[in-house]
Amino acid sequence: MSTLRNCVQLIGRLGVQPTVRKMDNGQKLAKFSMATTDTYKGTDGTIKEETYWHQIVGWGKIAERMEKYLSKGCFVLVEGKLTHREYIDPKGNIKKYFTEVKAGNFILLDKKDTIIHIMDESQAENGLPF
């Protein structure tokens with residue numbers, strides 16, 4: 001029996017400059033939105049495009065590298081896992097739900113003469129190719 005894995009791979013552009021903050025434990029957290037676009041042929045035969053927005057988070061060393069290398073508009077491949085979280089709003093009556101991609105690594109695709117590949121050390125130890 002094979003093991004099913006939670007694995008997400010997105011290629012798109014950053015919609016905003018990553019926001020990075022240092023947590024109380026000293027670890028950094030980076031967040032940004034990323035747009036991906038699908039192209040398909042509509043029922044009327046015309047080519048249509050649909051853009052989707054994804055929330056990306058990175059922790060620790062990957063957050064530090066996101067802060068260093070990523071900026072609004074850059075073209076990037078992000079790999080990670082899909083995560084869900086929820087919380088009650090400050091008034092205590094509405095439950096909020098979030099779906100995010102917890103990044104494990106990224107490849108900066110903007111550079112013409114170089115591709116920058118950034119990997120989270122925990123994934124490097126697992127022998128993952130990206």
Side-chain angles (χ1 to χ4, degrees):
M1 184 166 116
S2 65
T3 303
L4 299 176
R5 299 194 61 165
N6 178 354
C7 185
V8 175
Q9 185 179 70
L10 299 170
I11 298 174
R13 294 203 178 271
L14 272 67
V16 295
Q17 186 72 22
T19 58
V20 181
R21 64 182 181 149
K22 199 169 197 176
M23 307 305 284
D24 291 339
N25 64 3
Q27 190 176 35
K28 284 192 173 182
L29 167 64
K31 291 183 176 186
F32 59 89
S33 60
M34 178 178 174
T36 59
T37 303
D38 280 342
T39 305
Y40 62 94
K41 187 183 266 190
T43 55
D44 61 357
T46 61
I47 301 298
K48 302 193 183 276
E49 282 190 352
E50 198 160 346
T51 300
Y52 302 94
W53 287 93
H54 313 277
Q55 299 305 309
I56 313 294
V57 297
W59 289 91
K61 297 246 185 236
I62 197 85
E64 293 171 13
R65 293 176 181 131
M66 287 173 166
E67 181 178 35
K68 181 176 180 180
Y69 293 108
L70 298 182
S71 60
K72 179 180 179 177
C74 71
F75 191 49
V76 65
L77 179 148
V78 173
E79 283 192 329
K81 65 180 182 176
L82 203 56
T83 60
H84 305 283
R85 62 185 175 89
E86 60 186 59
Y87 77 94
I88 305 291
D89 76 350
K91 295 179 183 176
N93 54 9
I94 299 175
K95 196 177 249 191
K96 305 265 184 175
Y97 297 93
F98 292 92
T99 300
E100 301 169 319
V101 174
K102 181 182 176 195
N105 61 72
F106 65 90
I107 300 173
L108 186 57
L109 303 172
D110 273 329
K111 305 296 181 187
K112 292 185 182 186
D113 46 348
T114 219
I115 293 178
I116 299 173
H117 179 205
I118 307 299
M119 182 185 300
D120 183 359
E121 282 133 11
S122 66
Q123 290 195 344
E125 292 167 5
N126 293 332
L128 296 175
F130 285 100

| task | With sequence neighbours left out, write down each residue that passes side chain to side chain donor-acceptor pair (under 3.5 Å) with Thr51, or none if nothing qualifies. | result | Thr37
| said: Between Met66 and Ile56, is there a side-chain heavy-atom distance shorter than 4.5 Å? | reply: yes
| said: Please enumerate all residues that pass side-chain contact (heavy atoms from CB on, under 4.5 Å) together with Thr39, with sequence neighbours excluded. | reply: Ile47, Glu49
| field | Listed partners of Thr99 passing side chain to side chain donor-acceptor pair (under 3.5 Å), at least two apart | value | His84
| field | All side chain to side chain donor-acceptor pair (under 3.5 Å) counterparts of Asn6, not counting sequence neighbours | value | none
| query | How would you list, by chain and number, every residue that makes a ring pair (Phe, Tyr, Trp, His ring centres under 6.0 Å) with Tyr40, sequence neighbours excluded? | reply | none
| Nearest non-hydrogen partners of Phe75 and Arg13, listed with the distance | CB-NH1, 3.3 Å
| said: Just to verify, what does Phe98 make a ring pair (Phe, Tyr, Trp, His ring centres under 6.0 Å) with, not counting sequence neighbours? | reply: Tyr87
| said: Restricting to salt bridge (Lys or Arg N to Asp or Glu O under 4.0 Å), what partner residues turn up for Lys95, sequence neighbours left out? | reply: Glu86
| task | Check whether any side-chain N or O of Gln9 sits under 3.5 Å from a backbone N or O of Glu79 as a donor-acceptor pair, and report yes or no. | result | no
| request: Locate the shortest heavy-atom distance separating Ile62 from Ala103; write the atom from each residue and the value. | output: CG2-O, 4.0 Å
| Quick one: are Val101 and Thr83 in side-chain contact, heavy atoms under 4.5 Å? | no
List, one per line, each side-chain donor-acceptor pair under 3.5 Å for residues 18-33, sequence neighbours excluded.
residue, atom, partner, partner atom, Å
Thr19, OG1, Lys31, O, 3.4
Asn25, OD1, Gln27, N, 2.9
Lys28, NZ, Glu67, OE1, 2.7

| said: Does anything in residues 97-108 form a salt bridge (charged side-chain N to carboxylate O under 4.0 Å, His left out)? List the pairs, not counting sequence neighbours. | reply: Arg85-Glu100
| field | Exercise: identify the closest heavy-atom pair between Leu108 and Tyr69 | value | CD2-O, 3.9 Å
| field | Value rounded to 0.5 Å, distance of CD1 in Ile11 from OG1 in Thr36 | value | 10.0 Å
| query | Closest approach of Trp53 and Gly15, non-hydrogen atoms and distance? | reply | CZ3-CA, 3.6 Å
| request: Find the distance between CG (Leu10) and OH (Tyr52) and round it off to the nearest 0.5 Å. | output: 12.5 Å
